[in-house]
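Quick note: residue numbers are just sequence positions, from 1. Below, each value reflects all heavy atoms present in this structure, side chains not excepted, and no hydrogens, waters or symmetry copies.
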Amino acid sequence: MTTRPSALHPDLDDTRNPAPLRVAVISAHTSPLARPGGAKSGGLNVYVLELARQLASLNCDVDIFTRATTVSQPEVTQVQPHLRVIALTAGPTDPLPPEQLYGHLEAFYEALLNFTRRDGAAYDLVHSHYWLSGLVGARLKALWRVPHVVMFHTLGEIKNRASYG
């Protein structure tokens, strides 16, 4: 892996390697393009999209990998310069609760690898959101030999206690 400090810190410009940092963001169970307030959309997808927008504004190339939840959803959506959302077919094209999504993670992982091979994409960092995406991200980290950052956003046990008393 080659570090690219200029992508994150312009004052540390490395003219020998001007390529931007490439980040693969994994958000398997919720799409950042989903309208907030839906069945499986809210704070997490808003957070993932805003974080990706900020990274893209720093000239990082960001691809957010999510699961397709409608048949009409395009595979690639260019959100803004340096930021794409890639909707992968993995299981039924319906929103699924996390406990059902687990059984489709292998298909999600394989679809992600197939996309990156077709696209020629190579990444410097994997950033996963939620534990399901973290499982996929851990495999990508090992395969691509890059750093992996995982954000959990909620602690399930605490969330369940608050929701169900």
So do the side chains of [X] and [Y] get within less than 4.5 Å of each other, counting heavy atoms only?
{"X": "Thr66", "Y": "Pro32", "answer": "yes"}
{"X": "Ile64", "Y": "Val48", "answer": "yes"}
{"X": "Thr116", "Y": "Phe65", "answer": "yes"}
{"X": "Leu51", "Y": "His127", "answer": "yes"}
{"X": "Val146", "Y": "Leu125", "answer": "no"}

Which heavy atom in [X] sits nearest to a heavy atom in [Y], and how many Å separate them?
{"X": "Gln78", "Y": "Gln80", "answer": "NE2-O, 2.8 Å"}
{"X": "Ala107", "Y": "Ala90", "answer": "C-CB, 3.8 Å"}
{"X": "Ala56", "Y": "Pro81", "answer": "CB-O, 3.7 Å"}
{"X": "Pro20", "Y": "Cys60", "answer": "CB-CA, 4.4 Å"}

Between the side chain of [X] and the main-chain N/O of [Y], is any donor-acceptor distance below 3.5 Å?
{"X": "Thr77", "Y": "Val79", "answer": "no"}
{"X": "Asp124", "Y": "Arg22", "answer": "yes"}
{"X": "Ser133", "Y": "Ala28", "answer": "yes"}

Q: Have a look at Leu83 and tell me which of Leu55, Val23, Asp61, Leu49 forms a side chain to side chain contact (heavy atoms under 4.5 Å, CB included) with it.
A: Leu49
**Q.** Residue list, salt bridge (Lys or Arg N to Asp or Glu O under 4.0 Å) with Glu106, at least two apart or on another chain
**A.**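 For Glu106 the salt bridge (Lys or Arg N to Asp or Glu O under 4.0 Å) partners, ignoring immediate neighbours, are Arg139.
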Q: Report the residues that fulfil salt bridge (Lys or Arg N to Asp or Glu O under 4.0 Å) with Glu75, sequence neighbours left out, ordered by chain and then residue number.
A: Arg118
Q | Check against side chain to side chain contact (heavy atoms under 4.5 Å, CB included), Gln73 and Ser31 | A | CA-CA 11 Å; Gln73 190 172 3; Ser31 172; 4.2 Å; yes
Distance from [X] atom [atom1] to [Y] atom [atom2], nearest 0.5 Å?
{"X": "Lys141", "Y": "Leu143", "atom1": "NZ", "atom2": "CG", "value": "12.5 Å"}
{"X": "Ile86", "Y": "Ser27", "atom1": "CD1", "atom2": "OG", "value": "12.0 Å"}
{"X": "Leu140", "Y": "Tyr109", "atom1": "CG", "atom2": "OH", "value": "5.5 Å"}
{"X": "Ser128", "Y": "Met151", "atom1": "OG", "atom2": "CE", "value": "11.0 Å"}
{"X": "Ile26", "Y": "Leu135", "atom1": "CD1", "atom2": "CG", "value": "11.5 Å"}
{"X": "Thr30", "Y": "Arg67", "atom1": "OG1", "atom2": "CZ", "value": "10.5 Å"}

Q: Show your working on side chain to side chain contact (heavy atoms under 4.5 Å, CB included) between Phe152 and Trp131 and close with a plain yes or no.
A: CA-CA 6 Å; Phe152 291 95; Trp131 70 272; 3.8 Å; yes
(Q) Test ring pair (Phe, Tyr, Trp, His ring centres under 6.0 Å) on Tyr123 and Trp144; report intermediate values, then the result. (A) CA-CA 8 Å; Tyr123 298 94; Trp144 294 339; 5.3 Å; yes
Q.
Is there a side chain to side chain contact (heavy atoms under 4.5 Å, CB included) between Phe115 and Leu88? Walk through the geometry before answering.
A. CA-CA 8 Å; Phe115 176 86; Leu88 305 170; 4.2 Å; yes
Q) How would you list all residue pairs meeting side chain to side chain donor-acceptor pair (under 3.5 Å) that involve residues 84-98, not counting sequence neighbours? A)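 Listed once each, the pairs are Asp63-Arg84, Arg84-Asp119.
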Q: Walk me through it: do Val25 and Val62 pass the test side chain to side chain contact (heavy atoms under 4.5 Å, CB included)?
A: CA-CA 7 Å; Val25 175; Val62 181; 3.7 Å; yes
